[in-house]
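On a predicted model such as this, the values are computed, not experimentally measured, just so you know. All values below were derived from every heavy atom in this structure, side-chain atoms included, with hydrogens, water molecules and symmetry-related copies excluded. A note on names: the letters A, B, ... follow the listed sequences, proteins ahead of strands, and every chain is numbered from 1.
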Protein chains: 2
Amino acid sequence: MSSAPGKTDQATLAEIKSGTVTMETVGRIAGVSQVTVSRALNDPKKVSAKTLQRIQDAIELTGYVPNMVAGALASRRSKLIAALVPSITNVIYSDLMQNFINVIRGSGYHVLMAETGFSQDEEQAVVSTMLSRRPDGILLTGIHHSSGCKKMLLGAGIPVIEVWDITENPLDVCIGFSHIRAGEEMARYAAGKGYDKALIVSAGDERALRRKNAFANQFTQLTGNAPIEVLYEAGATIERGRNGLRSGLEKGFQSGIIMCSSDLLAHGILIEAQARGIKIPEDMAVLGFGNQDFSPFTLPALTTVEINRPDLGRRAAEALVARIENQPLPDKSIDVGFELIERAST
Amino acid sequence: MSSAPGKTDQATLAEIKSGTVTMETVGRIAGVSQVTVSRALNDPKKVSAKTLQRIQDAIELTGYVPNMVAGALASRRSKLIAALVPSITNVIYSDLMQNFINVIRGSGYHVLMAETGFSQDEEQAVVSTMLSRRPDGILLTGIHHSSGCKKMLLGAGIPVIEVWDITENPLDVCIGFSHIRAGEEMARYAAGKGYDKALIVSAGDERALRRKNAFANQFTQLTGNAPIEVLYEAGATIERGRNGLRSGLEKGFQSGIIMCSSDLLAHGILIEAQARGIKIPEDMAVLGFGNQDFSPFTLPALTTVEINRPDLGRRAAEALVARIENQPLPDKSIDVGFELIERAST
DNA sequence: TTGTATGCGTTATCAT
DNA sequence: ATGATAACGCATACAA
């Protein structure tokens with residue numbers, strides 16, 4: 001009678017105390033086999049109400065916690081998603097990830113997050129170690145990856161979603177917007193408002209540079225004047241924005257519009273302008289990018305380009321889960337677009 | 001001779017093509033057993049130079065990627081760390097996590113990151129699903145957790161590190177600073193500078209409120225005047241900073257010092273003050289918290305309290321890894337302190 | 001230095 | 001509705 005339902009024998013007690021409770025333990029207490037416990041958790045309909053109740057009681061009693069490591073090995077589905085972003089301290093990306101993660105969690109997946117620091121080599125290194133976790137899917141930022149990285153991803157045979165950029169030929173699925181079109185749109189707006197001189201203050205990452213070049217080309221074409229440029233290797237900060245205006249003035253910029261690769265830089269420029277008694281937008285205009293949460297509340301409020309990041313994160317998660325679960329996906333390349341929001345700084 | 005070293009037979013080719021390469025496959029090609037491949041990867045010293053080379057060639061040939069899921073199950077060490085923060089979009093925490101993750105990665109661990117949103121219930125729910133991944137250690141933000149959460153953690157029997165706060169009785173190890181002492185120090189500073197009226201603009205999370213209360217008590221004690229308070233349920237933003245000053249003025253605040261629970265709120269107050277023609281620090285002073293990257297570059301530069309977040313993240317990672325690997329830890333409770341940095345806003 | 005046997009805690013495939 | 005059995009891919013103990 002030692003293994004009768006409801007009984008808790010010596011061995012069972014030892015397992016509970018040592019924290020080594022498994023489905024086997026739960027089953028022994030509930031008077032069923034380990035397999036039935038597995039079914040009770042994964043597909044309760046297949047188990048009778050009576051035994052289901054007994055199993056639930058046993059789980060309660062033992063404090064059983066499922067072991068997804070074992071589950072992943074057996075099912076060959078890890079329920080893990082790897083997510084690679086250039087920087088987790090940059091709100092542009094963490095904002096996106098916040099929504100991505102929340103949707104992903106709702107579908108029962110966990111997220112392994114890592115930084116790639118704007119470098120393809122680092123991305124490849126990170127992808128390499130991530131794949132050893134056998135993720136069911138992976139999110140990458142951007143559409144440019146090393147060939148070694150692509151090869152590994154193809155070899156892994158898992159869905160890949162590339163975000164924050166767009167291309168006709170994604171590795172698998174991409175969702176984002178055209179940085180070139182965004183840059184061009186900013187130039188058209190600037191020229192359309194009558195500004196015929198421009199200063200560009202930009203961070204040095206590849207996507208920012210693509211926007212910058214598109215802006216410069218379009219602006220030059222429309223006005224006949226090539227913008228002055230101030231570039232930073234590193235990421236955008238308010239400090240670099242302040243320095244950027246200083247450098248721009250030293251390089252001879254006197255009036256017109258200042259195109260920034262980020263609202264953070266733009267905010268820094270507003271501050272530096274204020275410190276110097278330069279009036280925005282009377283003396284010069286400022287155009288940001290990203291529409292961060294503070295951008296409507298600067299002095300003056302910032303004209304900028306909005307990307308709906310929460311929506312982007314959500315849709316990326318939904319698309320990735322759909323791909324993993326073999327649901328049909330209408331499109332391999334999803335353009336979420338952007339919107340130029342005019343405020344007082346221009 | 002079909003399994004002679006260097007040979008690649010039919011079955012092996014099939015495995016390579018189907019992406020189901022294991023140590024077994026590699027070993028077959030290299031002419032050794034699966035165990036030797038395992039050793040070659042985990043402890044190369046134990047394998048002769050010759051076979052090591054053959055194994056490396058076979059790995060190269062097959063594109064073998066280790067399966068840490070299987071490794072975790074067999075060794076009962078997942079090499080996974082769960083990290084729970086209130087918000088990943090808040091730079092205060094993402095800054096900390098950035099350094100935490102980098103150190104953790106260097107030790108061969110991966111990080112499962114999740115948000116808990118300032119709620120103990122959500123924290124418990126997240127902990128629950130995280131534990132099913134059998135992490136080797138876990139990082140929590142703060143020292144207050146639901147009893148269910150504590151029970152689960154104890155039951156899991158893994159090292160826990162609590163950051164961004166401090167207590168004499170951590171669950172396991174904690175590293176952070178005293179929010180009460182920080183609030184008191186801010187009050188002493190304010191009173192010492194001669195301010196005898198105060199407005200508090202604070203976010204509503206538990207730690208911010210502890211600083212607020214400590215400040216209010218100490219300030220009242222020193223000056224005889226209780227501060228006016230403006231509280232927000234949600235997190236700190238520049239927008240709420242601007243609204244906070246507005247509300248403070250409506251509540252009758254006219255002059256003195258404004259104590260903020262975050263530099264973001266303080267920045268918003270500087271902006272609103274500028275919009276209203278209020279001179280900082282002549283008409284009223286502003287005191288922030290956090291020393292964010294922009295804080296030296298606001299107008300005027302922000303007086304604030306600095307916590308060395310990168311250092312905190314690094315030390316948290318080091319302490320957690322030490323605990324996991326059973327290395328001695330000098331202290332269960334590590335106070336990293338804080339520093340009041342005086343700038344132009346006071 | 002290398003190999004054999006075994007088990008990690010599940011899921012999947014058959015039976016019953 | 002439930003159970004027996006065999007993977008899953010690796011690490012560990014023990015042998016040789």
Side-chain angles (χ1 to χ4, degrees), chain A residues 3 5 12 15-16 18-28 30-55 58-59 62-80 108 131-134 136 156, chain B residues 3 5 12 15-16 18-28 30-55 58-59 62-80 108 131-134 136 156:
Chain A
S3 65
T12 309
E15 285 172 357
I16 295 177
S18 71
T20 173
V21 178
T22 69
M23 286 185 174
E24 157 79 28
T25 320
V26 172
R28 199 184 313 138
V32 295
S33 76
Q34 171 266 130
V35 191
T36 305
V37 178
S38 175
R39 270 194 284 258
L41 292 174
N42 298 321
D43 204 355
K45 299 182 299 281
K46 291 190 169 179
V47 174
S48 78
K50 263 181 300 188
T51 63
L52 194 56
Q53 185 59 53
R54 287 213 307 278
I55 289 172
I59 287 175
T62 55
Y64 169 72
V65 177
N67 186 330
M68 293 186 81
V69 176
L73 181 60
S75 67
R76 298 160 147 284
R77 275 174 281 108
S78 64
K79 284 273 175 178
L80 233 37
L131 288 181
S132 68
R133 297 286 176 185
R134 296 295 186 271
D136 292 338
Chain B
S3 65
T12 309
E15 285 172 356
I16 296 177
S18 70
T20 171
V21 178
T22 69
M23 285 185 175
E24 158 77 28
T25 320
V26 172
R28 199 184 313 137
V32 296
S33 73
Q34 170 264 128
V35 193
T36 305
V37 177
S38 173
R39 271 194 284 258
L41 292 174
N42 298 320
D43 204 354
K45 300 182 299 280
K46 291 189 169 181
V47 174
S48 79
K50 262 181 300 188
T51 63
L52 194 56
Q53 186 58 54
R54 287 212 309 277
I55 289 173
I59 288 176
T62 55
Y64 169 71
V65 178
N67 186 329
M68 292 186 82
V69 176
L73 182 60
S75 67
R76 301 159 145 286
R77 275 174 280 111
S78 64
K79 283 270 174 182
L80 232 38
L131 288 181
S132 68
R133 298 287 176 184
R134 297 296 188 270
D136 292 338

Next item on the list: Starting from C1' on dG3(C), measure out to NZ on K46(B) and report it in whole angstrom.
Entry: 14 Å
Margin query: Using a 4.0 Å heavy-atom cut-off, does V69(A) contact any base of the nucleic acid, only the sugar-phosphate backbone, or nothing at all?
Written below: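 No contact.
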Residues that [X] engages under side-chain contact (heavy atoms from CB on, under 4.5 Å), provided they are two or more places apart:
| X | answer |
| --- | --- |
| T62(A) | I16(A), V21(A), V26(A), I29(A), Y64(A) |
| S38(B) | M23(B), Q34(B), N42(B) |
| S33(A) | V35(A), T36(A) |

Please determine if a side-chain N or O atom of [X] lies less than 4.0 Å away from the OP1 or OP2 oxygen of [N].
| X | N | result |
| --- | --- | --- |
| T51(B) | dT2(C) | yes |
| S48(B) | dT2(C) | yes |
| T36(B) | dG3(C) | yes |

Margin query: Students should find this one: the first and last nucleotides of DNA chain D, 5' to 3', lying under 4.0 Å from a heavy atom of chain A. What are they?
Written below: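 Contacts span dA1(D) to dG9(D), reading 5' to 3'.
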Note to self: I'd like to compare against my own output: the B/S/- annotation of nucleotides 10-16 of chain C with a strict under-4.0 Å heavy-atom distance to protein.
What the structure shows: BBB----
Margin query: Angle between the end axes of the helix from dT1(C)-dA16(D) to dT16(C)-dA1(D), five pairs per end, to the nearest 10 degrees?
Written below: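 That helix gives 30° between its end axes.
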Closest heavy-atom pair and its distance - [X], [Y]:
| X | Y | value |
| --- | --- | --- |
| K79(A) | D136(A) | N-OD2, 2.6 Å |
| R54(B) | V32(B) | NH2-CG1, 4.0 Å |
| L131(A) | A156(A) | CD2-CB, 3.8 Å |

Run the side-chain donor-acceptor check on residues 65-75 of chain B: report pairs under 3.5 Å with partners two or more places apart or on a different chain.
unit_1, atom_1, unit_2, atom_2, d
N67(B), OD1, V69(B), N, 2.8
N67(B), OD1, A70(B), N, 3.0
S75(B), OG, G71(B), O, 2.8
S75(B), OG, R77(B), N, 3.2
S75(B), OG, R77(B), O, 3.4

Contacts of type side chain to side chain donor-acceptor pair (under 3.5 Å), residue [X], not counting sequence neighbours:
| X | result |
| --- | --- |
| S132(B) | none |
| E24(A) | none |
| K50(B) | none |

Check: In terms of the nearest nucleotide of DNA chain C, which residue is placed more toward the 5' end: V47(B) or R76(B)?
Finding: V47(B)
Item checked: L41(B) side chain near I59(B) side chain, heavy-atom distance below 4.5 Å ->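 In short, these two side chains touch, coming nearer than 4.5 Å.
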